[in-house]
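The next block holds one structure in the form of structure tokens; read it before the comments.
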Amino acid sequence: MDNRDDATVVAAVQQGDVEAFASLLDRHLPAIHAFIALKLPVPHLVDELAHETFVFAYRNIHQFTAGTSLRTWLRAIAANKVRAEVERYCREQSNRLGYAEHRLIELATAQPDEDAEHEIEAMRKCLEQVPHHARELLTLKYHDDLSADEMAQRLSRSVPWVRTTLFRIREQLRACIEARLAGDQP
Amino acid sequence: MIERERLANYLDSAPDAGLEAELANDAQAFGEWVAQHRTDRLLRSLLASQQEIRDSILSAVEAPSLDDLKTRVLKDVSFPWWRIGWGIGLAAALVVVVLVLLPRPRSTVQVGNYTGPATVRLADGTQLTLHRGAELRVESADGKQLTLTAGQLDATVRHQPAGQPLVVRTPLATLRVLGTAFALDTGPQRTRLEVREGLVRVEHAQQDSTVEVAAGEFVVAAPQTELVAGVLPVGGRPGGSALPTERVFSDDSPWNQPLGKVRYVDIESPVFDLAGHGASVVPASHFQPVWVAQAGDPPRRMVSRYEDRVLETVPAPSIGERRPMGTLVDPVKAVAYELVAPEQRGEDIEVADLVRHDLRGPGIPPEQCGRLWSGLPMIAGIIRAGELEKGIRHALSVFALHAGLNRHAGNGQPFVWPARHMPIDLRKLEYMGTTGNVCYGTRLAIPRDVDLSGFTGPALAIARALQTYGAFVVHSYPTAPNDGQGWKQPHLQFCADEPMDSTDWQRLGAEVSKVVLRLKVVTP
């Protein structure tokens, strides 16, 4: 565990310390990855853009201004890459995107970057409050990447039960996020 | 109002073609779908392991030297011996695994023709699986310039930085990859790419032709022609099979050629009684199943039942108990293997004989004969999965009653082009008739001016195919004894690659029996 603050670690990276970059990655990859996932809801491109964002940051680390927020700088890089990618993706997929996908991308890109950051933070907090049985289901689905069939088998439940329960959990999480964003919860 | 369960299914990737349109007209449901989708994306990002992407970022920023890269590549070439364990004893003398390091700056990995696949892992985690006969050259210091000079390659490419794609060259094409999974098969006359994930940009090496190939699509590069792209067939269905829905055989194949200016004459046969006996449509699984090799199927030996030798080694699913005939399709190599009396024997498939058909060719075997008595490929005119709904874009095969065919109709022979030969068992000839204008290879079709508006559904699809492409007589069957129950043996028989329980075959047969009343014999 690297206890140094961002500024110190960035300075080390600027001096050529590649290993220090791993520490920055551990601190900021999850949030930047989630930010990209919200702004560009195309699963196979999220990893790719997260990769590009951090490699770009490494190669241009000397441009980072000391005294400013590294997270904000990384988010700005990611946002630029997302904008370029959305443009390219929508152009290439113009004849393939359905109404819902198209609108989803429109809505995602219209959201201010700061709002996305708050939404991610709210989700983290809401996840901490998720009951054990729901957490188990989320882990099987999103961490272990099991299909609904596999989950149903594992839990001795039906596939419709798995799907509707996940639907309900997501619904509760969304309500929790909205309440936090509205300031109704601490 | 869209039901919640339906939305839940859709979010879990269950296809629902109509839902998209409904979402556009239901603001509340659309809002719910957006909320669910955003939450799903966030959960996926926050709960999934990000170890792989972390590693790939660190690999990219570490930038190994040329020597380091070569050392890693060559050290990590690994051979999954367990997959070829069956051959180690008996076939030891045949197994050739060659790993050659050519003089700098090129490193070459070759895989022998009789061994299992070899795996190459590049420094950034990209994994390349080379199959029998493949040859791959690492061309550049950073390992991002590769040349596949021959053979098959399966690749899972880690995410590449923008502007620095992994480049794979073949004699006919250049692929630029940013992070994806694909299968590549190359030879001197053809390069075929199938993309499973992501997007690959492909440029023809000799033509001004470039395409971007997305997941679920393929592209073929051949000399002196532009790149040809298409959609990959849907994967195999449980308990059945799925022939490629793309066209099999070349575009100029008689199987894919619509009828041009032709003449039609009435069917002449003293035996055919289409009004009284009609036609049937049977599921392929009934007597000539089709198996399509899927990604991940193990290579299986096709062993001759009588000669104690391996005829081919082909990726294949397990095919189960013995069948009279069957066809195994290798979509990557675009080859169909006609199997005579195939049967699963442990990991191997035992066959009485095997005939190979190039699915890029004309669909008329030039040298070796097919197993049908016309010599034509079994799969050529089968109605493929989904075509009864979506339409049929090729000629059909039709089986006919022995006695309805004239063994002298083809200038004294029992066949006309494109049929190739007569029954191997000459006694079969004795059952054929000696008058009429129908024999193996005869094309039957419905004339253009016949109104088909009285037909609907699958029967209409078949009628349209018979009007546009016609049907070749490819095989015949003997007269069945009278069962005393009033059953009438159909005098023509079509075949569809659909599961047994997917269709009301009896009803379809009754409808198609009305369709075939419009058939005529096509003459040039």
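Values below: all heavy atoms of this structure, side chains included; hydrogens, waters and symmetry mates excluded. Throughout, a chain's letter reflects where its sequence line sits, starting with A, and its residues are numbered from 1.
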Quiz item: Using a cut-off of under 4.5 Å for heavy-atom pairs, which of A/H51, A/E52, A/K81, A/R168 has the most such pairs with chain B?
Solution: A/H51
Quiz item: Non-hydrogen atoms of chain B under 4.5 Å away: do they reach the side chain of A/L49, the backbone, both or neither?
Solution: neither
Quiz prompt | Side chain / backbone / both / neither for A/D145 at chain B, heavy atoms under 4.5 Å | solution = side chain
Practice problem: Please answer whether the main-chain N or O of A/P160 pairs with a side-chain N or O of B/E5 as donor and acceptor at a distance below 3.5 Å. | Solution: no
Self-check item: Those residues that, when tested against B/A155, pass side chain to side chain contact (heavy atoms under 4.5 Å, CB included) (two or more places apart)
Solution: B/L128, B/V157, B/F182
Quiz item: Which pair of heavy atoms, one from B/S45 and one from A/H33, lies closest together, and at what distance?
Solution: OG-ND1, 2.6 Å
Practice problem: Give the minimum heavy-atom separation between A/A50 and B/I57, together with the two atoms involved. | Solution: O-CD1, 4.1 Å
Self-check item: Any A/Y142 side-chain heavy atom under 4.5 Å of B/D40 side chain
Solution: yes
Quiz item: Hey, does A/R174 have a side-chain heavy atom less than 4.5 Å from the side chain of B/Q36?
Solution: no
Practice problem: Tell me the residues of residues 19-31 of chain A whose non-hydrogen atoms fall below 4.5 Å from those of chain B, in number order. | Solution: A/F21, A/A22, A/L25, A/D26, A/L29, A/P30
Quiz prompt | Test log, rule side-chain contact (heavy atoms from CB on, under 4.5 Å), inputs A/L127 and B/L47 | solution = CA-CA 10 Å; A/L127 272 175; B/L47 297 181; 4.1 Å; yes
For atom [atom1] of [X], is the number of surrounding heavy atoms from other residues, nucleotides or ligands below 6.0 Å larger than 12?
X      : atom1 : value
A/Q153 : CD    : no
A/R4   : CZ    : yes
B/E389 : CD    : no

Euclidean distance, [Y] [atom2] relative to [X] [atom1], rounded to 0.5 Å:
X      : Y      : atom1 : atom2 : answer
B/R6   : A/R163 : CZ    : CZ    : 13.5 Å
A/L173 : B/R38  : CG    : CZ    : 14.0 Å
B/L42  : A/L38  : CG    : CG    : 4.0 Å

Practice problem: Using non-hydrogen atoms and a 4.5 Å limit, figure out which bit of B/L43 sits close to chain A: side chain, backbone, both or neither. | Solution: both
